[in-house]
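To start, the structure under review is shown below, and the notes come after it.
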Amino acid sequence: MAEVLFYENPVPLNRNEHKDLRMKVVPNVKFAMNAHSVPLTGVEFGLAARDMLIVFAGSSVADAGPVALLGLRQNENLYVDAEGHWAPDTYVPAFVRRYPFVLAEKPAGQEGDDFTVFLDEKYEGFNTTEGERLFKEDGTDTELLTNAVGFLGDFQQNVARTRWFMQQLNKHELLEPRNVQLQKQGKDGAQGKSINLNGLFVVNEEKLRALDEKTTHEFLREGVLGWAYAHLLSLTNIDRLAHRLDVREQAEEAAGKTTN
């Protein structure tokens with residue numbers, strides 16, 4: 001997973017350097033405005049499938065991982081508006097919700113666990129005068145930090161389980177390439193520009209249904225089957241994503257006419 005997507009200046013959380021650091025609530029997710037996809041863990045598939053397209057992205061099947069497709073143009077998140085507000089009543093991936101904290105691998109040679117908590121020092125909510133403290137006066141974690149670190153730990157466990165899920169899909173050769181092609185309609189019904197998304201993979205449902213009984217039972221018991229079908233059901237959301245792009249382009253066109 002692209003662990004430090006969004007993070008401008010990630011640094012290890014340090015009890016001494018950050019002892020006076022506070023965090024105030026920032027009512028926007030502007031940091032995610034340019035992300036046209038984000039990694040997704042399997043446990044999120046059920047909720048995410050209601051609102052967004054879940055596909056597997058990578059340079060090959062071997063390194064593909066699940067992502068929520070958030071846009072159809074480079075550097076554009078269609079779920080975030082110009083003010084940085086996430087679309088109401090739609091799922092927000094955990095990858096986005098964990099910001100400005102992240103668990104990342106320690107630099108080589110450092111002692112301790114393989115992962116440590118990092119924070120983005122550029123996050124606009126961090127300061128030393130407003131909001132909740134990260135550390136108490138005695139140097140122990142506040143409830144804010146305890147909850148944030150707990151969320152990171154749960155997320156990392158879900159990442160590990162998702163990797164196992166991907167191993168099962170690859171073991172049984174269930175993924176196949178899928179190019180997403182959309183033909184936009186121009187003015188007066190004329191053919192408009194086309195959008196092509198490459199490097200995507202989806203589950204082959206015929207192969208999934210053809211699995212032997214033992215494997216099917218294992219997939220059912222471990223939740224693989226549910227995740228696979230949540231992904232397949234989400235594919236119809238390409239129409240909803242295209243509609244979001246239409247609305248965005250209409251707003252851009254209206255704004256252009258206003259300023260000209």
Side-chain angles (χ1 to χ4, degrees), residues 1-6 32 35-71 77 79 86 90-99 101-105 114-115 147-178 180 197 199-238 240-241:
M1 290 193 172
E3 292 296 347
V4 292
L5 181 68
F6 308 146
H36 76 284
S37 69
V38 293
L40 204 65
T41 61
V43 296
E44 301 177 82
F45 282 17
L47 290 172
R50 298 178 310 180
D51 303 313
M52 50 196 59
L53 186 66
I54 303 169
V55 291
F56 303 92
S59 58
S60 67
V61 170
D63 65 11
V67 301
L69 198 61
L70 305 175
N77 184 343
Y79 289 82
W86 196 274
T90 59
Y91 183 71
V92 181
F95 192 91
V96 176
R97 285 182 278 128
R98 66 182 183 161
Y99 183 84
F101 301 99
V102 63
L103 270 185
E105 292 187 25
D114 292 337
F115 290 89
N147 291 338
V149 173
F151 185 83
L152 294 178
D154 291 342
F155 181 80
Q156 204 60 38
Q157 288 183 353
N158 292 333
V159 168
R161 192 176 170 203
T162 303
R163 289 198 180 110
W164 178 84
F165 168 68
M166 295 305 303
Q167 290 170 0
Q168 301 311 303
L169 295 185
N170 286 324
K171 175 182 176 181
H172 297 280
E173 300 181 345
L174 293 175
L175 290 179
E176 62 180 5
R178 174 72 60 85
V180 176
L197 300 177
L200 305 179
F201 302 88
V202 300
V203 168
N204 183 314
E205 188 177 4
E206 287 188 16
K207 286 186 176 181
L208 185 65
R209 295 205 315 264
L211 290 172
D212 61 78
E213 187 174 350
K214 179 182 177 182
T215 303
T216 300
H217 283 167
E218 181 186 6
F219 276 20
L220 183 62
R221 184 179 66 248
E222 299 296 335
V224 175
L225 211 56
W227 291 4
Y229 273 103
H231 145 69
L232 288 169
L233 287 170
S234 82
L235 298 181
T236 59
N237 286 329
I238 185 63
R240 299 172 71 181
L241 192 59

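Heads up: numbering here begins at 1 and tracks the sequence.
Under the rule for a side chain to side chain contact (heavy atoms under 4.5 Å, CB included), the partners of Phe151 that lie at least two apart in sequence or sit in another chain are Ala94, Arg97, Arg98. Applying the side chain to side chain contact (heavy atoms under 4.5 Å, CB included) test to Thr216 and every residue at least two apart in sequence or in another chain returns Leu211, Leu225. Partners of Glu205 under the salt bridge (Lys or Arg N to Asp or Glu O under 4.0 Å) rule, at least two apart in sequence or in another chain, are Arg209. Applying the side chain to side chain contact (heavy atoms under 4.5 Å, CB included) test to Ala148 and every residue at least two apart in sequence or in another chain returns Phe101. Qualifying side chain to side chain contact (heavy atoms under 4.5 Å, CB included) partners for Ser60, counting only residues two or more places apart in sequence or in other chains: Ala62, Asp63. Arg221 pairs by the salt bridge (Lys or Arg N to Asp or Glu O under 4.0 Å) definition with nothing, not counting sequence neighbours. Every residue two or more places apart in sequence or in another chain that forms a side-chain hydrogen bond (donor to acceptor under 3.5 Å, both in side chains) with Asn237 is listed here: Arg240. Taking Glu176 as the reference, Asn204 meet the side-chain hydrogen bond (donor to acceptor under 3.5 Å, both in side chains) condition, with sequence neighbours excluded.
Between atom OG1 of residue Thr162 and atom CG of residue Leu40 there is a gap of 8.0 Å, rounded to the nearest 0.5 Å. Within the model, atoms NE2 of His172 and OG1 of Thr215 stand 4.5 Å from one another, a figure rounded to the nearest 0.5 Å. From Leu175, atom CG reaches atom CG of Leu169 across 5.0 Å, with rounding to the nearest 0.5 Å. Considering NE2 of His231 and CD1 of Ile54, their distance stands at 8.5 Å, rounded to 0.5 Å. Once rounded to the nearest 0.5 Å, the distance linking CG of Leu241 with OG1 of Thr236 reads 11.5 Å. One finds the CD atom of Gln168 at 8.5 Å from the CD atom of Glu222 (value rounded to the nearest 0.5 Å).
Across all non-hydrogen atoms, the minimal contact from Trp86 to Pro93 is CZ2-CD, 3.7 Å. Of all the heavy atoms in Val96 and Ala32, the pair that sits closest is CG1-CB, 4.5 Å. Leu232 and Leu208 get closest at one heavy-atom pair: CD1-CD2, 4.3 Å. Closest approach of Met166 to Ala64, counting heavy atoms only: CE-O, 3.3 Å. Residues Gly58 and Phe201 come closest through the heavy atom pair O-CE1, 3.6 Å. In terms of heavy-atom proximity, Phe6 sits nearest to Ala35 at CE2-CB, 3.7 Å.
The side-chain heavy atoms of Trp164 and Val224, taken from C-beta on, include a pair separated by under 4.5 Å. When side chains are defined from C-beta on, Lys214 does not count as touching Glu218, because their heavy atoms never get closer than 4.5 Å. Contact annotation: the side chain of Val149 never approaches that of Asn147 to less than 4.5 Å [non-hydrogen atoms, C-beta and beyond]. Counting heavy atoms from C-beta outward, Leu69 and Met52 have side chains that stay 4.5 Å or more apart.
Of the options Val203, Leu200, Val67, Val202, a side chain to side chain contact (heavy atoms under 4.5 Å, CB included) to Phe56 is made by Val203 and by none of the others.
Within the structure, every pair that satisfies the side chain to side chain donor-acceptor pair (under 3.5 Å) test and touches residues 42-57, not counting sequence neighbours, is listed here: Thr41-Glu44, Glu44-Tyr91.
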Derivation of the side-chain contact (heavy atoms from CB on, under 4.5 Å) call for Leu235 and Val55: CA-CA 8 Å; Leu235 298 181; Val55 291; 4.1 Å; yes
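Note: Phe45 and Phe165 have perpendicular aromatic rings, judged against thresholds of 30 and 60 degrees for the angle between ring planes.
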